[in-house]
Structures are given as structure tokens and as C-alpha cells.
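Since the structure comes first, as C-alpha cells, the remarks are kept for the end.
What's counted below: heavy atoms across the whole structure, side chains too, no hydrogens, waters or symmetry copies. Indexing begins at 1, ligand by ligand and atom by atom, following the structure's order.
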Amino acid sequence: MAKPKVYVTRQLFDEAIEILRQHADVEVFEGVDQPAPRSLILSKVREVDGLLTLLTDRIDSEVLEAGERLKVVSNCAVGFDNIDVEAATKRGIYVTNTPGILTETTADFTWALLLAIARRVAEADRYVRSKRWIHPWGPKMFLGSDVHGKTLGIIGLGRIGRAVARRAKGFNMKVYYYDVQRDIRAEEELGVLYKSLEEVLKEADFITLHVPLTAETRHMIGRRELSMMKKSAYLINTSRGAVVDEKELYRALKEGAIAGAALDVFEREPTDPENPLLTLDNVVLAPHIASASVETRTKMAVTAAENLVCVLRGEEPPNLVNPDVKKIRPLKTHT
Ligand code: GLV
């Protein structure tokens with residue numbers, strides 16, 4: 001029997017490609033440091049049984065419809081807002097992601113951003129490098145905000161939100177959280193307190209976002225929400241850029257309605273070099289790298305490859321996003 005065919009939309013780790021090659025004829029997009037163009041994905045998808053995608057690929061109904069023999073889209077990310085999951089399910093296409101693996105690494109980076117904005121690390125680095133440090137040490141130089149003993153507000157207490165909460169213990173912080181679902185077990189285990197969204201916004205000194213991007217969470221933090229925050233509070237976003245209304249965030253930061261923000265994600269990525277947020281000192285910015293450790297990114301790619309291979313072999317993948325698809329196309333019909 002002919003081997004199934006797989007297209008990988010981006011240069012990935014060899015460990016992952018090796019797993020795919022054991023089960024399929026694999027083609028990897030050759031471009032360096034860039035995603036496969038949409039037109040190429042649209043043409044490749046016609047010939048393949050599996051696509052291994054990244055969060056930069058928009059896998060919408062047009063792509064899915066073109067994939068006449070497509071059985072699986074394996075996203076190498078925990079978020080899957082780049083895929084039209086409903087359209088995939090209707091067409092019997094399995095969608096998988098890589099949850100769990102990047103939890104701790106993303107939580108580490110959330111704290112890196114939180115500490116960096118509170119203690120003005122990036123700003124101080126720019127100051128020293130730009131040779132402006134000409135006066136001797138001074139008691140009022142680069143005053144920031146304490147982190148220990150403050151109140152942390154977590155919006156979205158999923159895996160990453162909980163990992164962020166665990167780290168807050170070491171800083172002796174009070175932790176409030178808001179989520180659409182109350183998690184009593186997490187409250188007992190982590191000592192976090194459930195609050196309404198308004199209460200979290202009004203009472204926390206640091207607010208960190210850990211929700212998926214959906215129709216409900218798009219611009220969940222806008223003018224009204226920012227105006228509820230303390231003037232001394234900071235916003236940290238390592239989820240998806242569009243959860244925050246960037247224009248309103250810029251306004252709030254510029255007017256001093258909040259003290260600062262640290263962002264790993266943007267409404268458009270790469271963000272526009274003219275994005276006014278880039279002109280502000282009270283922000284710390286990163287190019288969507290919260291999960292970017294060697295260990296984690298390698299494991300994510302390997303997991304994405306394993307998920308994909310499972311579906312090609314007619315087995316249930318460990319990280320299936322759309323279990324309803326099994327009713328449309330039961331696994332055994334895949335092989
Ligand atoms: C990263 O943003 C991911 O969703 O994995």
C-alpha cells in the first residue's frame with residue numbers, strides 16, 4: 001500500500017520529521033524563518049493526508065475544502081484559533097494540538113515579563129547600553145514596583161494560569177482569578193480566590209491573561225476594563241494579542257491610566273513597526289516567544305508529529321481538539 005503523504009508548513013526539529021518519515025512520505029516547506037505562503041499550502045493540501053501546521057498558518061474552510069484526501073491537521077501549538085475547527089469536523093478532518101507541554105515554560109516567561117515590567121529591566125538595559133548612565137548611583141534611579149506581597153489577578157485559570165499561580169507563592173502574593181468556570185480544586189490546592197472579572201480588574205496589582213482567543217474573548221480587555229484597573233497596575237499578556245484592544249491599551253498607557261504592560265503577543269504579528277506601543281517606555285515587548293525554550297519547542301514538534309501519525313494509523317491521537325469528528329469519520333476508516 002502506498003505510504004500516506006504529509007506536508008509540514010515550516011522548518012521543524014529533525015526529531016519530529018524523523019517520526020513522520022517512519023510512517024509517511026514527508027515534504028517540508030523549504031523557506032527559512034518564514035511560513036509557507038498560503039498559495040503553496042492551498043496547492044499542497046490537495047495531495048496530502050496530513051498537514052503539520054504552525055499558528056502562523058490560517059487553516060480555514062478554503063484550505064480544508066481543497067484537502068480532498070486530508071485526514072488530519074496537527075497544529076504545533078496549544079492554541080488553535082488559526083484553524084476553523086468546525087469546518088474541519090464537518091469534513092471529518094481530525095485536528096490536534098500540543099497542550100500541557102508548554103505550560104511551565106510559558107508560565108516561566110509570564111513571570112519574566114511581569115518582573116521585567118515591574119522592575120523596569122528592559123528600560124534599564126536600554127539606558128545603560130545607550131551610554132546615558134553618566135551620573136553615579138542615585139536613590140531614586142529607576143524606581144519600579146515591588147512584586148512580592150502584591151495581588152496577582154489571573155484571567156483564565158487553565159493549565160498555564162495555574163502554573164503562573166503556583167509561582168506566585170514564592171513571591172508571597174495574594175492571588176485572585178477569574179474564569180468562566182470556577183475551579184474549587186485549584187482554589188484549595190493553590191490558595192487562589194475566585195472573583196468576578198470586575199473585582200480582579202479593580203483589585204489586582206498585576207493582571208495576567210491566560211484565555212484562548214474565541215469570539216467571546218476577542219477584545220475582552222478594552223477601554224472599560226482598562227479604566228477599572230488601578231493606576232499603579234500592570235497588564236501582562238502571553239495568550240493571544242487580540243484578547244486586548246491594542247489601541248485602547250496604548251491610550252491607557254499613554255494617559256497613565258495604568259502603570260505598564262508587558263506583551264508577548266499582538267493583534268497582528270509581526271506587529272507593525274509603526275505600532276505606537278513601540279514608542280512607550282512603560283511597556284516590555286517580545287515577539288511571541290513564551291514557549292520558546294529548546295526543550296519545549298522540540299517536545300511540541302515531536303508531539304505534533306506523534307498526533308499526526310496516530311491519525312494516519314487509525315489510532316486515537318492523544319490531543320484531539322474535535323472529538324465529534326469521530327462520529328463523522330470513525331478512526332478505523334482512516335487506514
Ligand atoms: C503559542 O502561542 C501556542 O499556542 O502554542
- prompt: For ligand 1, what are the residues with a heavy-atom contact below 4.0 Å?
  reply: Leu55, Ala77, Val78, Gly79, Leu102, Arg240, His288, Met300
query: Does NZ or CZ of Lys195 fall inside the cone over Tyr178's six-membered ring, less than 6.0 Å from its centre and within 45° of the axis?
result: no
Within this structure, what is the [atom1]-[atom2] distance for the pair [X] and [Y], rounded to the nearest 0.5 Å?
X	Y	atom1	atom2	answer
Ser291	Phe109	OG	CZ	10.0 Å
Leu193	Tyr177	CG	OH	9.0 Å
Glu225	Asp245	CD	CG	9.5 Å

message: Count I, L, V, M, F, W, Y as connected when their side-chain heavy atoms are under 4.5 Å apart, and connections chain through other members. Are Phe206 and Tyr194 then in the same cluster?
response: yes
message: For Lys71, is there any backbone N or O sitting under 3.5 Å from a side-chain donor or acceptor partner on Asp49?
response: no
